Q: 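Here it is: the structure, laid out below.
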Amino acid sequence: MDELPEQDFPARRAEMVEHQLRGRGIGDGRVLAAMGEVPRERFVAERRRDLAYADAALPIGSEQTISQPWIVAAILQALELKGDERVLEIGTGSGYSTCLLGRLASHVVSVERHSSLARAAAEALASCSASNVELMVGDGSRGVPDRAPFDAIAVHAAAPAAPPALIDQLADGGRLVVPVAEGSEEMLTLLRRRGSELESTAIFPCRFVPLIGAEGF
Ligand code: SAH
């Protein structure tokens with residue numbers, strides 16, 4: 001199949017928003033608008049650009065993947081961002097979700113354990129002028145205690161259980177979205193802190209790469 005010209009990316013992006021996101025129940029207008037604007041093709045390898053808007057996860061190197069657009073949207077929607085939040089992200093990967101978080105919140109700290117991925121993500125983010133995101137390399141399963149509390153925390157890799165360190169770093173009213181291993185699958189889970197109480201909601205079953213680290217696998 002011949003590659004479509006570069007100028008078709010905005011049309012593919014609009015189609016992705018309509019069919020893959022809105023058509024499957026993503027209703028948060030800010031999430032839909034951000035995903036209609038961020039050029040996902042900049043976060044995939046040059047030779048995979050033609051697949052940038054496919055309804056699938058894609059390899060990004062180091063045995064990792066950029067998540068399927070719909071999964072990214074579901075995580076972002078569950079975080080209920082209004083624009084003034086401080087956000088922690090674990091698993092920068094390609095930087096695509098980081099870029100979206102930067103548009104939806106006021107400041108983002110994002111941690112990736114593979115330095116090669118973090119370097120590529122930094123370049124892609126710079127090309128999108130994402131100036132309110134801070135990248136760190138290391139084990140994010142313990143969070144970033146000296147930057148806590150966070151209003152929202154997104155974990156893009158599957159944990160054996162919601163990492164206690166991340167729960168500790170949630171502000172009152174804060175939301176943590178994390179895929180939690182359940183047998184052969186994972187349950188995308190939303191935890192909301194209300195004072196000393198923690199409210200847990202199952203979002204839907206899904207598949208993620210494992211969270212590797214002190215509070216991961
Ligand atoms: N949000 C990414 C998806 C990345 S996939 C995107 O939009 O492209 C999950 C990422 O989590 C992988 O890059 C993996 O290397 C990273 N990861 C796994 N365990 C980690 C840990 N303990 N700390 C930081 N990153 C981790």
Side-chain angles (χ1 to χ4, degrees), residues 13 16 20-21 31 34-35 37-45 48-49 51-79 81 87-105 108-125 127-128 130 133-145 147 150 152-167 169 176-181 186 188 206-217:
R13 195 148 58 232
M16 170 193 83
Q20 298 179 38
L21 310 184
V31 171
M35 291 188 72
E37 285 164 10
V38 170
R40 184 168 158 96
E41 67 276 10
R42 293 195 197 164
F43 296 87
V44 303
R48 295 197 198 270
R49 290 226 159 126
L51 293 173
Y53 294 95
D55 189 11
L58 297 172
I60 53 172
S62 304
E63 295 177 9
Q64 305 302 323
T65 55
I66 175 173
S67 306
Q68 184 184 4
W70 180 65
I71 294 283
V72 177
I75 293 175
L76 295 174
Q77 176 163 277
L79 293 174
L81 301 170
V87 179
L88 173 65
E89 170 176 68
I90 311 303
T92 315
S94 66
Y96 176 63
S97 51
T98 321
C99 188
L100 290 162
L101 285 169
R103 290 185 175 230
L104 295 170
V108 183
V109 175
S110 182
V111 189
E112 169 56 53
R113 61 185 286 271
H114 287 289
S115 55
S116 56
L117 293 181
R119 264 196 306 276
E123 260 179 48
L125 285 163
S127 86
C128 296
V133 307
E134 229 178 302
L135 302 190
M136 293 183 176
V137 174
D139 175 11
S141 71
R142 286 193 168 123
V144 185
R147 307 299 296 281
F150 297 98
I153 303 180
V155 185
H156 298 284
L166 299 183
I167 294 173
Q169 290 168 40
L176 163 64
V177 176
V178 55
V180 175
E186 287 97 38
L188 190 64
C206 51
R207 294 306 304 267
F208 280 82
V209 297
L211 182 75
I212 309 284
E215 297 201 19
F217 286 99

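Counting starts at 1 for both ligands and their atoms, following the listed order. None of the values given here were measured: they were computed from a predicted structure.
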Q: Does any non-hydrogen side-chain atom of Cys206 lie less than 4.5 Å from one of Ile71?
A: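 With C-beta onward as the side chain, the pair touches.
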Q: Looking only at protein heavy atoms, which one is nearest to atom 4 (C) of ligand 1, and how far off is it?
A: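 Among all protein heavy atoms, the one nearest atom 4 (C) of ligand 1 is Thr65 O, 3.4 Å.
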Q: Does Arg142, at its CZ atom, have more than 12 non-hydrogen atoms belonging to other residues, nucleotides or ligands within less than 6.0 Å?
A: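 Open: at most 12 neighbouring heavy atoms sit under 6.0 Å from CZ of Arg142.
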Q: Does Arg40 form a side chain to side chain donor-acceptor pair (under 3.5 Å) with Tyr53? I'd like the steps, not just the answer.
A: CA-CA 7 Å; Arg40 184 168 158 96; Tyr53 294 95; over 6 Å; no
Q: Regarding atom 7 (O) of ligand 1: of the candidates Gly91, Ser97, Gly93, which has the closest heavy atom?
A: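 Residue with the shortest heavy-atom distance to the ligand atom: Ser97.
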Q: Closer than 4.0 angstrom: is that true for some heavy atom of Thr92 and an atom of ligand 1?
A: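 Judged by the 4.0 Å heavy-atom criterion, Thr92 does count as contacting ligand 1.
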Q: If you count the atoms of ligand 1 from 1 in the order shown, which ones are under 4.0 Å from a heavy atom of Ser141?
A: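 Every atom of ligand 1 under 4.0 Å from some heavy atom of Ser141: 22 (N).
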Q: Quick one: which of His114, Arg113, Met136 has a heavy atom closest to atom 17 (N) of ligand 1?
A: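 Considering heavy atoms of His114, Arg113, Met136, the nearest to atom 17 (N) of ligand 1 sits in Arg113.
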Q: Is Gly138 close enough to touch ligand 1? Criterion: a residue heavy atom under 4.0 Å from a ligand atom.
A: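 Contact present.
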Q: Which atoms from ligand 1 have a heavy atom of Ile66 less than 4.0 Å away?
A: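 This gives 8 (O) as the contact atoms.
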Q: For atom 22 (N) of ligand 1, what's the nearest protein heavy atom and its distance?
A: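 Result for atom 22 (N) of ligand 1: Ile212 O, 2.6 Å.
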Q: Could you list the atoms of ligand 1 found under 4.0 angstrom from a heavy atom of Ser67?
A: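 Those of ligand 1 that fall under 4.0 Å from Ser67 are 3 (C).
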Q: For atom 18 (C) of ligand 1, state which one of Pro210, Gly213, Ala124, Pro69 supplies the nearest heavy atom.
A: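 That would be Pro210.
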Q: Determine the minimum heavy-atom distance between Val178 and Ala159, stating which atoms define it.
A: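 Looking at all heavy atoms of both residues, the shortest contact is CG2-CB, 4.2 Å.
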Q: Can you tell me which portion of Glu112 lies within the under-4.0 Å heavy-atom range of ligand 1? Options are side chain, backbone, both, or neither.
A: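 The answer is both.
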Q: Is the side chain of Arg49 donor-acceptor paired with the backbone N or O of Glu41 at a distance under 3.5 Å, no angle test?
A: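 Indeed, once roles are kept as given, a pair shorter than 3.5 Å links the two residues.
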Q: Please confirm whether Val209 comes within less than 3.5 Å of ligand 1 when only nitrogen or oxygen atoms on both sides are compared.
A: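 The answer is no, given that Val209 and ligand 1 share no N or O pair closer than 3.5 Å.
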Q: Is the side chain of Glu186 donor-acceptor paired with the backbone N or O of Ala158 at a distance under 3.5 Å, no angle test?
A: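 No, because the side chain of Glu186 does not come within donor-acceptor range (under 3.5 Å) of the backbone of Ala158.
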Q: Testing the basics here: between Pro163 and Leu211, what is the closest heavy-atom pair and its distance to 0.1 Å?
A: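 Heavy atoms only, the tightest pair is CG-CD2, 4.2 Å.
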Q: Closer than 3.5 angstrom, by distance alone: can the side chain of Glu112 be matched with the main-chain N or O of Gly95 as a donor-acceptor pair?
A: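 Side chain of Glu112 to backbone of Gly95, a donor-acceptor pair under 3.5 Å: no, none is there.
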Q: Could you tell me the residue and atom name of the protein heavy atom closest to atom 12 (C) of ligand 1, and the distance to it rounded to 0.1 Å?
A: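 Among all protein heavy atoms, the one nearest atom 12 (C) of ligand 1 is Gln64 OE1, 3.2 Å.
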Q: Take Ser141 and Glu215, measure what side chain to side chain donor-acceptor pair (under 3.5 Å) needs, and give me the verdict at the end.
A: CA-CA 5 Å; Ser141 71; Glu215 297 201 19; over 6 Å; no
Q: Determine whether a donor-acceptor pair (N or O, by modelled atom type, separation under 3.5 Å) exists between the side chain of Arg42 and the backbone of Ala124.
A: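 No; judged by distance alone, with no hydrogens or angles, the pair does not exist.
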Q: If you count the atoms of ligand 1 from 1 in the order shown, which ones are under 4.0 Å from a heavy atom of His156?
A: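 Atoms satisfying the 4.0 Å criterion: 1 (N), 9 (C).
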Q: Using a strict 4.0 Å cut-off to heavy atoms of Gly140, name the atoms of ligand 1 that fall inside it.
A: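 Counting atoms of ligand 1 from 1, those under 4.0 Å from Gly140 are 21 (C), 22 (N), 23 (N), 24 (C).
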Q: Determine yes or no for a side-chain-to-main-chain donor-acceptor pair under 3.5 angstrom, with Tyr96 supplying the side chain and Val44 the backbone.
A: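 Side chain of Tyr96 to backbone of Val44: no pair is present.
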Q: Considering the heavy atoms of Leu117, write down every atom of ligand 1 situated less than 4.0 Å from one of them.
A: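 Those of ligand 1 that fall under 4.0 Å from Leu117 are 13 (O).
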Q: Give the numbers and elements of all ligand 1 atoms closer than 4.0 Å to a heavy atom of Ser94.
A: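 Those of ligand 1 that fall under 4.0 Å from Ser94 are 6 (C), 7 (O), 8 (O).
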Q: Please identify which atoms of ligand 1 are closer than 4.0 Å to at least one heavy atom of Leu211.
A: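 Within the 4.0 Å cut-off of Leu211, ligand 1 contributes 19 (N), 20 (C), 21 (C), 22 (N).
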